[in-house]
Amino acid sequence: MQHFHSPLVAPLLCDVDTTRNHGRVYYRATTDNATLQRASSDVSNGTDFAATFVFITTWHDVTFDLTYGFPASGTPTNTFQSVLVTDGGMSFVIFNYGDINWTYPTNSPPKAGIKGFDGTGYITIPGSGTSAIAGLSTSTNVGIPGRRVYRVDGDTQATCHEKLGQNMAASTHFYPYGSGVGDSICVKQFGGFTGKIPISTSFVLYGTSLNDLWVAAGGYVTFSDDYYDLFDYECMYDGYDMSFFDKLTDLSVLVAFLSNIDTSANDGQVSFRVTTDHDILDRATRDLEDGTGFIATWVFIATWHQVTYYKGNTTSPTNTFQTVLVSNGTQSYVIFNYGNLGWSMDPKTPTYAVAGTLGDGGNDKVIIPGSGTPEIINASKTTNDGITGRWHYRVDCSDAIDCIDVDECSSNPCENGGTCIDGINEYSCQCVAGYTGTNCETDVDDCTSNPCENGGTCVDGINEYSCQCVAGYTGANCETDVDECSSNPCENGGTCIDGINEYCCQCVAGYTGTNCETDVDNCTSNPCENGGTCVDGINEYSCQCVAGYTGANCETDVDECSSSPCENGGTCIDGINEYSCQCVAGYTGANCETEVMYDCDEQCPCTAANRALNKYFFVHHDPTKYVRCAGFGRCWVRPCPPGTVFNKKALVCSFTRG
């Protein structure tokens, strides 16, 4: 790329021939709102960048110049895209790669990159000009396979330049890093150091106050300008082992992952920044909470992002890790954050990477478990503070041993299932629900709030309580009155009225008893008179009267004369279930229904002569009566109606004169 003297943006510089197949090249300039928003998001660098112009060029299914002798049909194709994005101040280039199926036919594979004016400020994409260029669709510098983003408005050849327009974080426990949050990006190289970086507040390392530091590409931070002595040792290509800490007796270093790191071999980078940003200070304070009241006032962050080993390439495994220095001018801490660790040794050397802290004099040191062995790759899966992939140490003590936290949890002080949290010279217990106290030794009295109502008794349990309710109440808190009427205890139509642990029945007329189960005996008062028999009913009675009486209570003598049974003027005399007739003269029978018949005699001279004379009626010796012949020597004596006498002449009963 450096051989071109004009500015150049080349996603894939090669002999493309769009006349040989259906391949096409498209382009457009756009200020479409949706495209601007997407571009702003894709190149976001932690600022309020908002794209105002986008230019898109796309090479779709293009093939190579067929003059090289390949047939038009069946030739492989490539699809890729170049996107220019700007807001008038910041400028970015996005390379998107789809299917990359050919890098031939010439002996010079395609190149890819960006070049500034006069051949300066160029960026060469890893693999450019080699067969590795075929991996563009799977490699990335922004975490999205097939995409590469570069910021191009600055000086890309500065020793520590701002290249990637992004705010990166390999994992949630990493502090934000990348140019988007103000990091300086170090020159891509094997080995080497930054210039001196002043520390604005004293950083104390094992009793020594330090005011400057240097970042090494090899995976560590040093505090001495004798780093060239360290570099001489580092550049021993036979690798590293634990003797590194023993030989460096006059240097102070914080080693996150010391090995033959080569940032020029792939897209890996080393970035760093000093910050007093309020949010970062608050986070560091929380991360290092140790019960001492420590409040961070200064933080330094160095990040090795997707770095590989010496003479690796874009397909080599990568490591991402971070060193964070935190201080308040008196207390000092180092945090080692490990993300994806894909390699533990440079395959060209026989030894494994090491990690730890080393104080001036070489006697004060802390080694991260697994250092110098294949297990160092597990630093991303282990921890000394409960956050996987994070290791932190306090380093301001005069002796490293004094700064190594004793595990106060080793005696398992937390009772009843509590979780012990180790601190500095202290521990705390996270109690399971239901327990409290320093060691979770006290059962929380869940009854203190008096949850049981209506006189219920609270019984404390483990993170729970139960209520023993007084009779008549139920529910978790005895809040519900038991409905004693729910079983419908009242019989025979009675109405149930609920009470507290009781009920009562309002009985319909005719029933009594607790549940209205008893028919009221309406005969108990002996209401039936005159020998009547009482028959009990529902809220009533009836009387079965003896003959001769009637009425609801048999109180009435039946008037047997009411039917006027006595005939022929007879007088009826009522009795008990009977009557008698007093017949007038001349009548007889129970009902005076029979006329008395006499033998003819002097009172009834019914002689043949009289019959011949048709004298059927004769005056009786009693003028109020008359005689009538019946024949056969018989006759009747009959009375005249009251007030009359028998008229002999007229032979009828008539009223007498005055």
Side-chain angles (χ1 to χ4, degrees), residues 1-4 6-30 32 34-36 38-39 41-43 51 53-85 91-115 122-150 152 164-166 265-267 306 312-316 318:
M1 300 293 296
Q2 61 265 38
H3 300 300
F4 292 89
S6 299
L8 183 68
V9 175
L12 195 70
L13 183 61
C14 53
D15 290 327
V16 171
D17 188 350
T18 59
T19 68
R20 301 297 183 177
N21 69 345
H22 62 276
R24 293 290 184 270
V25 179
Y26 306 96
Y27 66 89
R28 76 178 185 277
T30 181
D32 172 71
T35 303
L36 293 178
R38 174 172 176 178
S41 174
D42 287 349
V43 304
F53 171 84
V54 174
F55 185 84
I56 305 169
T57 307
T58 306
W59 290 260
H60 176 72
D61 283 349
V62 296
T63 190
F64 42 78
D65 186 349
L66 296 180
T67 60
Y68 292 102
F70 290 87
S73 62
T75 56
T77 61
N78 291 342
T79 297
F80 51 94
Q81 186 178 70
S82 173
V83 183
L84 310 182
V85 183
S91 299
F92 298 85
V93 173
I94 303 173
F95 290 150
N96 291 318
Y97 296 95
D99 292 328
I100 303 299
N101 297 308
W102 61 271
T103 59
Y104 51 83
T106 69
N107 293 325
S108 178
K111 297 178 177 63
I114 303 169
K115 185 187 74 64
Y122 61 84
I123 297 171
T124 300
I125 291 180
S128 179
T130 74
S131 60
I133 196 71
L136 287 175
S137 60
T138 58
S139 61
T140 180
N141 70 340
V142 293
I144 299 176
R147 175 180 295 172
R148 292 176 174 275
V149 179
Y150 299 96
V152 295
L164 285 179
Q166 59 179 345
N266 67 348
D267 290 326
Q306 295 183 353
N313 56 48
T314 56
T315 63
S316 300
T318 63

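The OG1 atom of Thr57 sits 6.5 Å away from atom CG of Leu84, with the distance rounded to the nearest 0.5 Å. Taking OG1 of Thr35 as the reference point, atom CD1 of Ile56 lies at 5.5 Å (rounded to 0.5 Å). Note that OG1 of Thr63 and NE2 of His22 are 9.5 Å apart. Values are rounded to the nearest 0.5 Å.
Looking only at side-chain heavy atoms (C-beta outward), Ile133 and Leu12 come within less than 4.5 Å of each other. Residues Asp42 and Arg147 form a side-chain contact, since some pair of their non-hydrogen atoms from C-beta on lies under 4.5 Å apart. A heavy-atom distance below 4.5 Å is not found between the side chains of Val62 and Thr79. Between Gln81 and Ile94 there is no side-chain heavy-atom pair separated by less than 4.5 Å. Considering only heavy atoms from C-beta on, Ile114 stays 4.5 Å or farther from Leu8 through its side chain. Residues Asp99 and Asn78 have side chains not in contact (no heavy-atom distance under 4.5 Å, counting atoms from C-beta outward).
Ala112 and Tyr97 make their closest contact through CB-OH, 4.0 Å (heavy atoms, listed as atom of the first residue, atom of the second, distance). Val54 approaches Ala39 most closely through the heavy-atom pair CG2-CB, 3.8 Å. Among all heavy-atom pairs drawn from Asn21 and Gly23, the shortest one is OD1-N, 2.9 Å. Considering every non-hydrogen atom in both Asn266 and Thr314, the closest pair reads CB-CA, 4.2 Å. Residue Ala51 comes nearest to Val85 through the heavy atom pair CB-CG1, 3.6 Å, listed as atom of the first residue, atom of the second, then distance. In terms of heavy atoms, Trp102 sits closest to Cys14 at CH2-SG, 3.6 Å.
Using a 30° and 60° split on the angle between ring planes, Phe80 and Trp59 fall in the parallel class, below 30°. Using cut-offs of 30° and 60° on the angle between ring planes, the pair Phe53 and Phe55 is parallel.
At distances below 3.5 Å, not a single donor-acceptor pair connects side-chain atoms of Ser41 with backbone N or O atoms of Arg38.
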Which is it for Asp32 and Thr30 under the side-chain hydrogen bond (donor to acceptor under 3.5 Å, both in side chains) test, yes or no, and what are the steps along the way? CA-CA 5 Å; Asp32 172 71; Thr30 181; 5.1 Å; no
Could you please spell out the steps behind the side-chain hydrogen bond (donor to acceptor under 3.5 Å, both in side chains) verdict for Arg148 and Ser139? CA-CA 8 Å; Arg148 292 176 174 275; Ser139 61; 2.9 Å; yes
